[in-house]
Amino acid sequence: MRFWIIRDERQIPVELEERPEGYTAVLDGVTYEVGCARILDGLYSLLMEGESYEVAVHSHEPGSYDVHMYDGVRHVDLLSPLDLVLRSQHGGPGTRGGSVRAPMPGKVVKVLVEEGQSVLKGQGLVVVEAMKMQNELQATADAVVQHVRVREGDSVESGAELVTFGGAQEGD
Amino acid sequence: MRFWIIRDERQIPVELEERPEGYTAVLDGVTYEVGCARILDGLYSLLMEGESYEVAVHSHEPGSYDVHMYDGVRHVDLLSPLDLVLRSQHGGPGTRGGSVRAPMPGKVVKVLVEEGQSVLKGQGLVVVEAMKMQNELQATADAVVQHVRVREGDSVESGAELVTFGGAQEGD
Amino acid sequence: MINKVLIANRGEIAVRILRALRDMGIASVAVYSEADRAARHVRLADEAYCIGPPPSAQSYLNMDAILSTAKACGAQAVHPGYGFLSENAHFAERCEKEGILFVGPPADAIRAMGEKTRARQLMAEAGVPVVPGTLAPLDSPEAAEAAAETTGYPVMLKAAAGGGGKGMRLVERRAQIASAFRDASSEALKAFGDGSVYLERAVVRPRHIEMQILADGHGNCIYLGERECSIQRRHQKVVEEAPSPLVTPAMRASMGEVAVRAARAVGYRSAGTIEFLVDQSGEFFFMEMNTRLQVEHAVTEMVTGIDLVREQIHIAEGEPLSLRQEDVEIRGWAMECRIYAEDPQRNFLPCPGTIHAVRLPEGPNVRVDSAAFTRGEISMFYDPMVAKVITWGSDRDACAATMNRALMEFQIVGTHTNRDFLLAIVNHPDFKAGALDTGFIPRHFSGVSMPVSSPAAAADIAAAIYAYESSRKQPCTAPPQAAPSAWRRAMMGDR
Amino acid sequence: MINKVLIANRGEIAVRILRALRDMGIASVAVYSEADRAARHVRLADEAYCIGPPPSAQSYLNMDAILSTAKACGAQAVHPGYGFLSENAHFAERCEKEGILFVGPPADAIRAMGEKTRARQLMAEAGVPVVPGTLAPLDSPEAAEAAAETTGYPVMLKAAAGGGGKGMRLVERRAQIASAFRDASSEALKAFGDGSVYLERAVVRPRHIEMQILADGHGNCIYLGERECSIQRRHQKVVEEAPSPLVTPAMRASMGEVAVRAARAVGYRSAGTIEFLVDQSGEFFFMEMNTRLQVEHAVTEMVTGIDLVREQIHIAEGEPLSLRQEDVEIRGWAMECRIYAEDPQRNFLPCPGTIHAVRLPEGPNVRVDSAAFTRGEISMFYDPMVAKVITWGSDRDACAATMNRALMEFQIVGTHTNRDFLLAIVNHPDFKAGALDTGFIPRHFSGVSMPVSSPAAAADIAAAIYAYESSRKQPCTAPPQAAPSAWRRAMMGDR
């Protein structure tokens with residue numbers, strides 16, 4: 001099965017073929033014989049040319065993976081053939097819709113913009129408080145505010161849409 | 001829902017009724033308000049009249065439960081209404097069929113009896129080796145050997161029937 | 001004799017106190033907010049009682065609920081941990097009034113040290129060094145020059161009315177002071193409508209080093225050595241160690257004696273910590289006293305072999321200290337890394353949420369004090385610190401190497417943590433060299449975006465394997481939908 | 001300098017050695033049998049290679065496979081752990097011949113200590129005390145009487161040809177010896193056709209106490225204090241501690257000097273242990289030397305702060321010891337409990353199988369060396385010891401209390417372990433009093449059926465809740481049946 005890793009605006013192909021004790025993987029044209037033992041859901045022991053890796057993989061949202069390794073967590077954006085089809089229908093890679101979402105659950109303590117207002121990249125939009133810390137969410141590009149979805153005092157879940165834009169607003 | 005705990009040849013009733021944060025349990029006529037938080041499958045935090053218990057419950061076979069607590073593991077034999085019906089059809093509590101089973105996976109190193117032979121309670125039947133230790137399995141009552149299911153050198157799984165009896169052989 | 005203690009706290013410190021109580025054969029009582037029903041401190045305790053809704057003000061800060069619980073369950077003492085009510089003099093008084101022992105200092109000592117300016121005054125009177133300076137405004141460049149002669153250079157000129165850096169000038173040499181005074185004064189006048197300026201010795205690249213003390217109710221007070229806590233981010237300690245790479249035995253004795261003097265000056269009892277600002281030459285100045293157990297107390301325990309919570313309980317029972325100063329001996333080195341649920345890639349945004357899985361480090365010379373567990377909730381209501389990893393080594397290099405190993409084994413999956421940031425710190429050449437000061441993190445890490453682990457073929461392939469296996473899973477194994485409630489069915493027209 | 005080491009072992013000791021290597025910045029190579037592909041030592045290592053099928057003879061004892069793996073991956077050294085090839089002089093020689101460092105003693109030292117009667121002879125010649133006796137047969141009751149005067153009472157008369165208790169007599173006093181000699185001799189004649197009898201000092205209620213030593217290749221040898229290992233079941237150690245409650249500083253020095261003499265007598269190098277049989281008065285006799293790392297080495301590490309694996313590596317590199325005898329200092333107390341996958345309720349039957357879940361103890365003064373993990377296999381091919389729980393305390397009582405706490409937190413669900421048996425031992429009054437000897441377990445526990453935890457309402461209710469919740473689960477959540485293979489479908493007539 002073939003997947004694509006999205007990195008630095010490139011689509012890197014990775015192809016997996018099952019074999020008795022793991023996979024043959026071809027990553028960006030390089031072939032790896034990968035011994036793979038599944039310990040628990042998402043927890044694997046990989047052996048690649050003798051080197052041992054314990055990796056825990058977790059996915060918060062489709063196509064986005066945190067790969068925990070001893071020396072660090074890697075974030076991998078990876079698309080399946082199906083994802084790729086869907087993505088080509090809904091727009092190019094990198095755009096996630098013109099909105100700013102709550103990066104964590106919390107409470108809206110301040111709304112800094114109003115509907116119809118033009119904002120500049122880096123301008124503060126909403127302040128959300130969680131764990132005794134206030135966090136100002138900023139525009140990641142110049143845009144025009146279309147809707148403000150929250151009011152001061154609202155509790156919001158992680159991922160909740162806070163502000164949407166009418167202009168060109170690149171995803172984070 | 002009502003269950004029966006089998007202990008010391010008694011059937012002790014335990015009745016559970018769900019309530020918002022746990023259960024009302026009536027155990028052998030005594031009522032307990034039980035706060036119950038499920039942490040993981042089989043792992044619970046119980047609060048009973050302020051006392052806190054963390055319990056991990058595991059079941060190897062139907063009706064038989066290991067309850068792991070800080071101060072010790074308790075074994076609980078507990079029957080559901082359905083179990084009780086099945087059991088009354090297949091014989092009284094305590095009998096588990098006239099056979100001796102492998103208590104662990106291992107290798108049969110010696111068979112000490114043959115078919116048709118009378119054996120006394122405590123007499124050695126089969127020697128099974130695992131983890132560098134030999135273990136002699138003994139008759140738990142006087143009986144007559146009906147079938148010997150294994151030969152020396154066989155590998156056996158845990159629970160495999162090794163010897164069956166024609167006479168009265170009480171379960172272990 | 002105390003035989004039951006209520007712990008008025010949550011998280012790793014509640015768990016740590018519970019363990020000390022179990023070691024002592026004392027029954028433990030946990031209290032919890034509604035958000036913490038499944039928390040580890042509830043499950044490890046002998047007894048547990050709910051004290052209110054999730055917000056701290058209604059639960060862990062709710063004195064009435066805590067005290068009535070303590071009385072109802074027969075606890076003779078309350079241990080407040082750190083944070084929450086631990087430095088609340090009023091709570092200490094209320095405990096006393098209710099006949100419950102407060103495992104901590106007398107209310108007066110908390111109060112004396114709680115008002116920072118009064119504490120500084122008290123300390124100066126007791127002969128504890130404070131940052132030298134004038135405090136009162138200077139009326140001329142000549143007065144500033146004279147004052148600087150007394151304090152020594154470099155000095156900092158500060159607007160008396162001000163803050164936020166306005167009207168401040170760092171002066172390195174005498175030749176600069178007159179013009180700096182005029183500049184500062186005019187800037188202060190513009191900014192605050194008041195041109196008054198005072199002067200303080202400037203501590204350049206200061207280190208934060210603190211001294212642990214123990215005092216009983218019988219007039220005994222000893223020090224247990226220092227902790228270096230210079231690795232801070234926004235005044236939040238991140239990595240601590242004991243001893244400090246800067247401190248010599250002579251400096252330790254001198255800091256220790258000063259700390260004991262400071263504690264005696266306020267009639268201190270229990271475990272406490274005197275925080276010092278230390279310049280790179282080793283000269284030290286009183287900053288403040290923390291009148292409670294510190295987050296980082298474990299590093300002192302690792303090098304001295306003394307259980308600080310046990311000592312607190314004994315002191316609260318009225319026992320004299322079981323140790324004399326000469327019994328305190330530092331062996332080897334200890335470090336602590338604080339694991340926060342936060343995202344170093346997104347300006348250290350706190351990351352509440354559900355922990356998917358935890359793996360804690362094990363093996364020689366590793367201690368973990370943690371409240372994290374698989375499927376545990378990191379609540380948005382409380383502090384994002386979820387665990388402390390503490391290591392020991394026969395020397396500083398060995399200790400840092402073991403910290404590196406322990407952090408590599410540490411894993412929280414399902415939410416972001418600062419683990420990789422901590423790994424970057426303990427492997428930084430300046431950290432390894434012991435070249436520490438409170439500017440370490442802002443200087444070496446931008447403070448906004450942290451270095452990202454470089455791509456690895458194994459990671460890319462692992463993600464692909466996971467995606468592949470997930471795509472093959474039968475839809476049946478997805479969590480079963482809860483049956484719609486009667487209410488919901490009614491709303492849906494019972495379709 | 002060694003920069004890559006192959007670990008020719010598995011289980012907790014392979015993991016423990018891996019951690020030491022990581023602490024030292026040395027690359028680690030795991031080897032594994034086909035049964036151990038998912039084992040922790042494979043996953044923690046930098047590299048891992050399969051060396052054969054599950055039976056030890058074909059994998060962990062397979063010298064060819066291990067040595068060719070070491071050469072192929074460029075490991076300069078092999079650490080054998082304990083068990084397997086660790087005391088195999090031939091393996092040590094083969095390593096040497098292949099130019100690979102063996103992390104352990106020279107082959108000659110292994111061989112000298114491996115033949116137990118020769119070792120006893122060697123030790124007696126080196127002035128190391130062995131159990132006094134005649135060894136040669138006695139020809140009359142009078143000769144026995146005379147020999148007993150030399151050894152001192154009580155004595156044991158033993159059939160020279162015999163074994164299994166036949167022809168043995170314990171003699172407490174001189175008045176009994178003549179008739180005991182005649183009885184023993186005639187019993188021996190009947191049993192073995194040979195009436196020869198010899199005599200040995202009887203050690204009543206003996207303790208097993210051993211001395212850890214370190215020796216380098218430069219003639220330096222030091223002792224690191226003793227371990228008490230009297231708590232044994234069928235000659236298998238179960239609970240160990242350091243120091244021993246019996247040993248005084250003077251006795252420690254004297255045992256330590258004897259141990260160093262024993263090690264020097266065989267030209268020892270690396271870490272090693274001299275085991276002594278000790279009577280209740282403290283008189284000690286050489287039993288044997290273990291020419292490797294011991295299972296229980298961790299208790300010595302906890303009280304001395306010395307990492308024995310690190311020292312072994314340094315010695316193997318040819319470095320002189322970094323410590324002198326006067327640098328070795330015992331702080332506090334340490335204990336170790338060995339967790340075996342066995343069922344104390346069924347005559348300690350070993351319990352291979354799958355671990356459903358593991359919870360390891362954490363917090364202050366607890367160390368866990370473990371190979372167990374959730375969903376891990378306990379293989380029938382290897383030793384049933386799956387973990388070691390080690391605790392430290394400032395004194396023996398504190399250490400035992402922390403062991404009690406740590407064992408309570410320890411949990412393996414899904415297979416039987418001896419955890420509750422260990423809890424019963426460490427809470428036994430005689431254990432608490434330090435009244436130990438090798439008969440402790442047979443005397444206090446029948447050895448066949450262990451005390452069962454008494455029923456508890458919480459346990460009964462928990463079982464009912466679990467049964468209730470299980471009964472409500474949708475059948476869909478059961479593990480999906482694997483699709484029948486083509487072969488199986490053919491056999492089933494493709495129904």
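Excluded from the calculations below are hydrogen atoms, water molecules and symmetry mates; all remaining heavy atoms, backbone and side chain alike, are included.
Separating the CD1 atom in D/Ile461 from the CD atom in B/Glu15 is a distance of 12.0 Å, to the nearest 0.5 Å. To the nearest 0.5 angstrom, B/Arg2 atom CZ is 15.0 Å from D/Tyr468 atom OH. Here the CG-CG distance, from B/Asp71 to D/Asn427, works out to 10.5 Å after rounding to the nearest 0.5 Å. With rounding to the nearest 0.5 Å, the separation of CD1 in D/Ile412 from NE2 in B/His58 is 12.0 Å.
Interface remark: of the candidates D/Ala457, D/Ala341, D/Pro352, D/Pro352 forms the most heavy-atom pairs closer than 4.5 Å to chain B. Among the candidates B/Tyr70, B/Tyr32, B/Tyr23, B/Tyr44, the residue making the largest number of heavy-atom pairs closer than 4.5 Å to chain D is B/Tyr70. For the options B/Val14, B/Ile5, B/Ile12, heavy-atom pairs under 4.5 Å to chain D are most numerous at B/Ile5. In terms of heavy-atom pairs under 4.5 Å with chain D, the best-connected choice from B/Val55, B/Leu43, B/Leu16, B/Val34 is B/Leu16.
Contacts of B/His68 with chain D are made by both backbone and side-chain atoms, with heavy-atom separations under 4.5 Å. For B/Glu18, the part sitting under 4.5 Å from any heavy atom of chain D is the side chain, from C-beta outward, and nothing else. With a 4.5 Å cut-off on non-hydrogen atoms, D/Val413 touches chain B through its backbone and its side chain both. Only the side chain of D/Arg359 comes within contact range of chain B, with at least one heavy atom under 4.5 Å from a heavy atom of that chain. When heavy atoms are compared at a cutoff of 4.5 Å, B/Val57 approaches chain D by way of both its backbone and its side chain. Contact annotation for D/Ser454: both backbone and side-chain heavy atoms come within less than 4.5 Å of a heavy atom of chain B. Heavy atoms closer than 4.5 Å to chain D are found in the side chain of B/Asp66, but not in its backbone. Both the backbone and the side chain of D/Ile465 come within contact range of chain B, judged by heavy atoms closer than 4.5 Å. With a 4.5 angstrom heavy-atom cutoff, B/Glu54 touches chain D only via side-chain atoms.
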* Go through the steps for B/His75 and D/Val452 under the test side-chain contact (heavy atoms from CB on, under 4.5 Å), then give the verdict. => CA-CA 9 Å; B/His75 188 85; D/Val452 182; over 6 Å; no
* Asked: What do the steps show when you test B/Arg38 against D/Glu469 for side-chain contact (heavy atoms from CB on, under 4.5 Å), and what is the final call?
  -> CA-CA 10 Å; B/Arg38 188 177 161 289; D/Glu469 292 197 356; 3.3 Å; yes
* Take D/Ser453 and B/Met69 through the test side-chain contact (heavy atoms from CB on, under 4.5 Å) and record every step on the way to the result. => CA-CA 10 Å; D/Ser453 298; B/Met69 302 176 74; over 6 Å; no
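Summarising the geometry of D/Tyr466 relative to B/Ser59, their closest heavy-atom pair is CE2-CB, 4.1 Å, with the distance given to 0.1 Å. Here the shortest heavy-atom pairing between D/Ala458 and B/Leu46 reads O-CD1, 3.7 Å. Across B/Val67 and D/Ala463, no two heavy atoms sit closer than the pair CG2-CB, 4.1 Å. Nearest heavy atoms, B/Gly72 versus D/Arg419: N-NH2, 3.1 Å.
Open room surrounds CD on B/Glu21; 12 or fewer heavy atoms of other groups in view lie less than 6.0 Å from it.
Within the 3.5 Å criterion, the main-chain N or O of B/Val73 finds a donor-acceptor partner in the side chain of D/Asp420.
Ion pairing of B/Arg74 with D/Asp460 is absent here, as no side-chain N (NZ or NE/NH1/NH2) approaches a carboxylate O to less than 4.0 Å.
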